[in-house]
Amino acid sequence: MPEVYTELTAPTAVSHSLTIHFTSATAENLIVARTSLLQIFCTTTHETELPSSNGTSSSDPANKEKEGGIDRRALDADEEGTFAADIVLQRSQVQTVTKLVLVAEYNLCGSVTGMQRIKLLVSKSGGEALLLSFKDAKLSLLEWDPSTNAVTTISLHYYEREEFWPSVVPEGLSTTLVADPGSRCAALNFAGDMIAILPFRQREDEDLSLGNVDGAGHDLHMAEGEDDDWDPSAPEKKPEDELDSEMAGTTDKTKEDVMAAKLVAADRPYHPSFVLPVSRLDDAISHVISLTFLHEYRGPTFGILYSPRRTWAGLLAAEGRKDTISYIVITLDLEQRASTPILSVSGLPYDIFKVVALAPPIGGSLLIGGNEIIHLDQAGKTTGVAVNPYTKRSTTFAGLADQSDLCLELEGSSVVELEGENGDILLITKKGEAVIIEFKTDGRNVSGVKINRLANHPTSLVGGRVSTLVALGSRRLFVGCTEGDARLLKWKRKGEKKKPGESLKEEVAENEDEEDVYKMLEDMDDDLYGGGDSSYKKTERKDGGVKPMGEYIFSTHDRLLNLGPFRDIVLGRPTFTPDSVSRQVGVTPELELVTTAGPINTPEDAGVSVLRKSIAPTVVGKLDFPTCQALWTVRARSGKTAVNSALAGLTSGEEDQGGAEEEFDGFLFVSKSEESQVFRVGDTFEEVRGTDFESEGETLEVGVVGGGMRVVQVVSEQVRVYDCDLQLAQIIPMFNEDTGEEGPNVVRARVYDPYVLLVRIDGSVVIYRVHKGNLELVEEERGDRLKSSKYSSGCIYAAKKGELHPAAAVSEENEEKRKAQEEEEGETEYVLFLITFEGCLQVYSLANLAEPIFVSEGFSSLPPLLRADDTIEPTSHSHREKNVKENIVEILVTDLGDQVAKEPFMIVRSARDDLTFYKPFICPGTSESKPTLRFAKSPNPHLALPINPMKPSSSKTIFRPLVSIQNLAGYRCVFLPGADPSFVLKTSKSIPHVHRLAGNAVRSLAAFHSSGADRGFVYVDNSGIVRVSLMPTEFNFDGSWGARKVAVGDVVQALSYFPPMGVYVVSTTQLVPFDLAEDDGSVAKDETTLQPEVESGAIKILSPLNWSVVDQFKFAHNEIALVVKTIEMEISEHTKERKQLVAVGTGIFKGEDHSARGGIYVFEIIEVVPEPGKPETNCKLKLVCREEVKGTVSAICGVNGYLLAAQGQKIMVRGLKEDQSLLPVAFMDMSMYVTVAKNLDGMILFGDFMKSIWFTGFSEEPYKMTLFGKDTQTLEVVAADFLPDGNKLYFVVADADSNIHVLQYDPEHPKSLAGQRLIRRADFFAGHEVKTLTMLPRSRPIASEPDPDVMDTVTDTPEEFLVLAGTLTGSLAMITTLPETSYRRLNIVQGQIVSGEEHTAGLNPRGYRAVVSSGAAGVGGDLLRGVLDGALVCRWIGFGEGRKSEIASKAGNDIQGIREDLKGLEGALLYL
């Protein structure tokens, strides 16, 4: 069958970042690229408690970080560590930290290789444009469109033609994008030594096009000067304002010309690009290493680092092979397309790999090498410093200061200038170590370079190699890593005091007296007016000593969690403490994914990641309540408590919020089929008796109004209002206004303090508002439109002033009412959302119910951009959209987010329980129109799956609405009850995601806050079991799956799950000094200061109870475990008994002069008596046997009770003898280096690093291995696994170029030579480097309406499988098979999306997935079949109903049919 590749989770490794004014001229945005995911962030400040350095509790965020849980809502552990290093006694205080908030994110059909900011003359948002480069030599220019609240593509430039790619240039060369600081042009270096120049229109270009009107020559000179002096961090005027100022004082004809030039600049803000080899710039340039644009030049000026003569470390002893690098500065003339060299420097050290342009006051260029740093000013003067002892051996370059005692390794390091620090530069090495580069200056001349280590950060500042490092302003940095977490850092100087205007909540980190402070300020004044040295600030202490000032202290304010790299993936069962196992039955997923995480060269951020597709709540208590149909919790307050709370709020400010948080829920309302009950919440639930509460009738809604002093109970016939003691205060019966008779009954209700919204069975709505004086509900006056329309659902939302309702004029009769409500409500504006039976959305301001502020007749078609009807021009397309409607049953507008940031969203619920998210925004007005309210659809590929259909408890079906939860473990979220219970969660760094609640269908859920369940929830499932639960706070929900990152303390290479004991066995490594041990045992001494390091390995038992290390086995200092597997081995030749054991394959590395060896270890995990109070310490490692072999053991698997190991170029199958030794029984010779060995019922799949895959079999009588077939093409196999599909056998193979190939063993194929050649069926580009492939069972397909007659046949269907792919960028994907009919339908859907929809950055999805390196034909000329892109096909879910119907009809089906095809992808991993 054909295959589909579906990306399950987005990549988490950050590859590029950029600071830019993107969404507006004043917005400070951070653009982050995660390979193929583009995210736009803004920053906000968040107040959090900084824990004291002495005796933090287990609930502190710092302790959570040490245990591996990432607390996203609190200050990072690094913050505490850096402050605690300098403060002996520190009070618990409130700290203001900077947090990232996601604005938008986009999946790209390409891998980002660079990004630059471009200042255009005219942009839609008034901000800057974003220029992206991609792997295949493409450039995309993007800008923000406020009218759609999304990015738009201005242009796409591609340089893929064959004449641009010389035949001698190898494939896979990286591309480099650089931009001129004045936004005059950008340059793309690709194909080795090819450069594409993209000029941008400047203001002088428009003046020249007008014929030098009004002194264009002078304007040209001024424009050049302005561009040269442009400071990216300085506030600027909008381009529109600049052009408008140009038009002042000109004639009408000139104004028309200026406007025409403005339109030309907006339509095409660039000039035609041109491509040239670097040798055209200067004949001497070849083999470009790095290039950049320089500051302080009148025209665009390059700094190019190149190597005219190639060398390497082995040739350094040869003459002329040490200092082979040259550097040249070239200025460009864009009009003439000419270049002029300015200066050239040759004889630079061979290991220089990067040039960095420095802005004033230092200026010039910074050349970074592996062993030195060199500064080059504009006159060509060089000043440098040597950073390790190898500098003297590798170069004869003169003028390097000696700081070789630092022993730094600068390969792969990144730098950034620290603003306002006199040109100081932060450098972070590949191990995450940070140093400060300081410049000694004599005026504008640099006289020396000095490097200082950070005393407060002796170890790694970040996790692993830095991929991007940018400044955010206000002493903030963003650091992105490919293997570790991305961090938002903020620095300060040791000894600094807070400025008078800043908040006093941040206390001083250094304890100094006033005289020291004044002395420091005097020194700062000296520096300002030239009286002191800017690089070395010193102050005299009172004891006469001299103390250096200004030492840098970095603290982590926020993180972007990186779950990868996924070097190994296993599945295990969730584990709980013995006392909670019984409570967790039925609400826990069957399995969970555990993967490796973190860098390989530093323990910072290293550990394992735990991923779950569904949410497993922590159950605090449960009880059986079969008759319970719905429940609500109420937090009622007496009038006295409310007054005291108000007075406390007036006197203590923010303290009232903390006091309100401690108020627990008081009552639990329960609705049965024909009656209701109320219970008092305490240690137990006690039914309340002796009150005025009426139990008759089924309750529809319960809520509080009047600040919690009135409890509102809505039943179908009436509304009952109680006080805090459940004494009846008011009854509002339902009656017909026209006839005066009883009815109609209420079918929907929403209580939103101070309003109550009722929707009755006849479609009429009634709105009540609580009176501020007597706390009685008073009906609001409705307009004629509200009275005449019939509604099916509605809700009320409390918005900020102007958030949803732009300022507009109101009638005189409503002006007084509006002003009165404004005085009561303050800065809050209550907005009413209603849906008519026809599917029309109407939005009213409750201050004026006469006329709606927003009307959309075509709302039920769910368009991607929802606009008011009066702003839409009628077209045939919009008419078609309105004809196809979704059956909308409910809408809810509420805030979603966490404690850092919350945003309003409109959630639309269909009859199938599919959810659609709309984000409201205000479209700015123009000269011809006013600001309007619009809604942009947020992506949600989730489809509702009725896993456990609801059992009807009675003859009538009660609709259970969406539940908005104000505070669920810090989240503001929404819950969807029903057959597919789900939470809608959004964090400050994510879009809304739907997370399923593990377990059965849920009848009802409510928030629950008590002393035993802090910010939890209570719910009743379909079986009538009521559970009081908590959210798993240790899990992070920034992605589409819940994830937890656990720190192990060492680098994790591989891992395996051991089912008998329920623990994980992990292979860890740490770097230790390398000892050159000879065969006789003697160790050769080396006096070099910078010693080489080698990995030393160990095997550790990780208990999932608290993710602590229980036991470990250490290998020799030069031995590491390459592979760890749990296999079932035959332990007795007589009884044939089998036992699960842990097999470990190691590699022993003694240097280049010795051949690599390896070892095979077999461990048994035995049960022991645990330590008191530590139930997880109930197991130990027991070594069963060890055998040293020739060659490293690179792959291990079990086959029919035997151990198969790949050692070097040979495969050996061993059995375990009675004397606990290994006996070889079969072998097979392989080609070069085996990377994969997988077993499936005695059939074995091998993958070679160069020679593709082999398919073999193992038999016992006699013992032998038989080759069935192999692939004859050259393929660098990184991972592979089986993919059975009925009676067909496929193989999924991932190579080193991020390609995935599907091959088949088909002996009946006429061109397979009776199975000796494997048939290639498909290949495609994954976009990420796949490191592991794992075959997993596939969940059974779920039908929308299960037919009892078909249930027996479903159980007879063969088991289906899928292959789970783990990548180095932290993303998960799956490869599944599809039926032929489904494949053909979805293939047409994919084709329609590719050709008919707009793609971000103008990229081609079909070209992105194409494999360029392999041919178009497989064995025997069979055409390769295309693999579907599941993420691309799932975009169909987010289309409007008209577009979905159009595409489905072209595929020969309807919307429901395509939806059923996609449900198979959504429900493939329901057991996670």
Side-chain angles (χ1 to χ4, degrees), residues 149 747-748 750 752 757 759 765 789 791-797 799 804 831-844 852 854-869 881-896 903-921 933-945 959-965 972-986 991-995 1434-1445 1455-1456 1459 1462:
N149 203 43
V747 292
R748 306 279 181 89
R750 287 283 182 186
Y752 198 108
L757 171 66
V759 180
V765 297
S789 300
Y791 301 98
S792 60
S793 177
C795 66
I796 297 174
Y797 174 71
L804 298 181
V831 183
L832 174 64
F833 292 79
L834 293 172
I835 293 290
T836 65
F837 285 152
E838 296 79 16
C840 172
L841 172 65
Q842 298 179 6
V843 183
Y844 292 84
F854 182 91
V855 177
S856 176
E857 296 287 345
F859 172 67
S860 58
S861 64
L862 301 179
L865 181 64
L866 187 62
R867 296 181 291 179
D869 290 337
E881 290 277 354
K882 292 183 179 181
N883 289 337
V884 183
K885 299 180 179 181
E886 176 67 274
N887 185 8
I888 299 175
V889 297
E890 185 182 10
I891 63 167
L892 175 64
V893 180
T894 183
D895 286 331
L896 295 177
E903 293 180 296
F905 280 87
M906 178 169 64
I907 303 176
V908 183
R909 181 183 181 184
S910 70
R912 293 186 289 257
D913 279 347
D914 291 337
L915 299 181
T916 304
F917 306 138
Y918 278 100
K919 183 178 179 180
F921 67 97
L933 174 64
R934 292 184 179 181
F935 297 84
K937 185 180 288 188
S938 179
N940 178 32
H942 176 89
L943 290 175
L945 300 177
F959 176 79
R960 296 305 173 194
L962 295 169
V963 180
S964 177
I965 304 178
R972 182 75 180 266
C973 60
V974 170
F975 180 76
L976 169 67
D980 188 19
S982 306
F983 283 101
V984 179
L985 294 177
K986 180 191 179 302
I991 61 175
H993 291 293
V994 178
H995 298 266
C1434 287
R1435 283 184 56 184
W1436 175 86
I1437 301 174
F1439 293 162
E1441 294 300 304
R1443 179 62 175 155
K1444 289 164 68 173
S1445 176
I1455 293 180
Q1456 180 63 23
R1459 187 179 181 277
L1462 295 178

**Q** Mind checking side chain to side chain donor-acceptor pair (under 3.5 Å) for Thr916 and listing every partner two or more places apart, or none if nothing turns up?
**A** none
**Q** Find out whether Val855 and Tyr844 are in side-chain contact, i.e. whether some heavy atom of one side chain is under 4.5 Å from a heavy atom of the other.
**A** no
**Q** Output all residues satisfying side chain to side chain donor-acceptor pair (under 3.5 Å) with Arg748, sequence neighbours left out; order by chain, then residue number.
**A** none
**Q** Flag the pair Arg1459 / Asp914 as yes when at least one side-chain heavy-atom distance between them is below 4.5 Å, and no otherwise.
**A** yes
**Q** Could I get the full list of side-chain contact (heavy atoms from CB on, under 4.5 Å) partners for Pro941, not counting sequence neighbours?
**A** Cys1434
**Q** My understanding is that only residues two or more places apart in sequence, or in another chain, count here; which of them pass ring pair (Phe, Tyr, Trp, His ring centres under 6.0 Å) with His995?
**A** Phe1037
**Q** Of all residues at least two apart in sequence or in a different chain, which pass the side-chain contact (heavy atoms from CB on, under 4.5 Å) check with Asn149?
**A** Trp144, Lys919, Phe921
**Q** Go through it in stages, so that I can follow the logic: the residues are Ser856 and Asp869, the test is side-chain contact (heavy atoms from CB on, under 4.5 Å), and I'd like the CA-CA distance, side-chain angles, deciding distance and then a yes or no.
**A** CA-CA 5 Å; Ser856 176; Asp869 290 337; 4.1 Å; yes
**Q** Who pairs with Phe975 by ring pair (Phe, Tyr, Trp, His ring centres under 6.0 Å), at least two apart in sequence or on another chain?
**A** Phe983
**Q** How would you list, by chain and number, every residue that makes a side-chain contact (heavy atoms from CB on, under 4.5 Å) with Ser792, sequence neighbours excluded?
**A** Ile835, Phe837
**Q** Could you go through Val984 and Cys973, starting from their C-alpha distance and side-chain angles, then the distance that decides it, and tell me whether this counts as side-chain contact (heavy atoms from CB on, under 4.5 Å)?
**A** CA-CA 6 Å; Val984 179; Cys973 60; 5.8 Å; no
**Q** What's the shortest heavy-atom distance between Ser860 and Glu1441, and which atoms?
**A** O-CG, 3.9 Å
**Q** Does any N or O in the side chain of Asn940 come within less than 3.5 Å of the main-chain N or O of Leu915, such that one atom is a donor and the other an acceptor?
**A** yes
**Q** Distance-only, no hydrogens or angles: does the Lys986 side chain make a donor-acceptor pair with backbone N or O of Glu903 under 3.5 Å?
**A** no
**Q** For Arg750, which of Leu832, Ile796, Leu892, Val759 qualifies under side chain to side chain contact (heavy atoms under 4.5 Å, CB included)?
**A** Leu892
**Q** Using the side chain to side chain donor-acceptor pair (under 3.5 Å) criterion, which residues pair with Lys937? Sequence neighbours excluded.
**A** none
**Q** Quick one: does Pro920's side chain get under 4.5 Å of Leu804's, heavy atoms only?
**A** yes
**Q** Rounded to the nearest 0.5 Å, what separates atom OH in Tyr791 from atom SG in Cys840?
**A** 8.0 Å
**Q** Under the 3.5 angstrom rule, does the side chain of Gln842 hit a backbone N or O of Pro852 as a donor-acceptor pair?
**A** no
**Q** Taking it one step at a time, do Phe859 and Met906 satisfy side-chain contact (heavy atoms from CB on, under 4.5 Å)?
**A** CA-CA 12 Å; Phe859 172 67; Met906 178 169 64; 3.7 Å; yes
**Q** Side chains of Val884 and Ser861: closer than 4.5 Å at any heavy-atom pair?
**A** no
**Q** side-chain contact (heavy atoms from CB on, under 4.5 Å) for Asp895 and Arg972? Distances and angles first, verdict last.
**A** CA-CA 7 Å; Asp895 286 331; Arg972 182 75 180 266; 3.9 Å; yes
**Q** Any heavy-atom pair between the side chains of Ile907 and Ile891 that's under 4.5 Å?
**A** no
**Q** Of all residues at least two apart in sequence or in a different chain, which pass the salt bridge (charged side-chain N to carboxylate O under 4.0 Å, His left out) check with Arg960?
**A** Glu698
**Q** Quick one: does any side-chain atom of Ser982 pair with a main-chain N or O of Asp980 as donor and acceptor, under 3.5 Å?
**A** yes
**Q** So do Ile991 and Ser938 actually touch side chain to side chain, heavy atoms under 4.5 Å?
**A** yes
**Q** For Tyr918, enumerate each residue passing the side chain to side chain donor-acceptor pair (under 3.5 Å) test, keeping only those at least two apart in sequence or located in another chain.
**A** none
**Q** What's the spacing between Leu896 CG and Ile965 CD1 if we round to 0.5 Å?
**A** 11.0 Å
**Q** Are side-chain heavy atoms of Leu985 and Val974 found at a separation under 4.5 Å?
**A** no
**Q** Could you give me the CA-CA distance, side-chain angles and deciding distance for Phe935 and Phe854, then say whether ring-ring contact (aromatic ring centres under 6.0 Å, His included) is met?
**A** CA-CA 11 Å; Phe935 297 84; Phe854 182 91; 5.3 Å; yes
**Q** Taking only residues two or more places apart in sequence, or in another chain, which ones meet Asp913 in a side-chain contact (heavy atoms from CB on, under 4.5 Å)?
**A** Arg909, Ala944, Leu976
**Q** Can you find a pair of side-chain heavy atoms, one from Glu857 and one from Glu838, that are under 4.5 Å apart?
**A** no
**Q** About how many Å separate OH of Tyr752 and OG of Ser964, when rounded to the nearest 0.5 Å?
**A** 7.5 Å
**Q** Closest heavy-atom contact between Gly978 and Pro981?
**A** O-CD, 3.5 Å
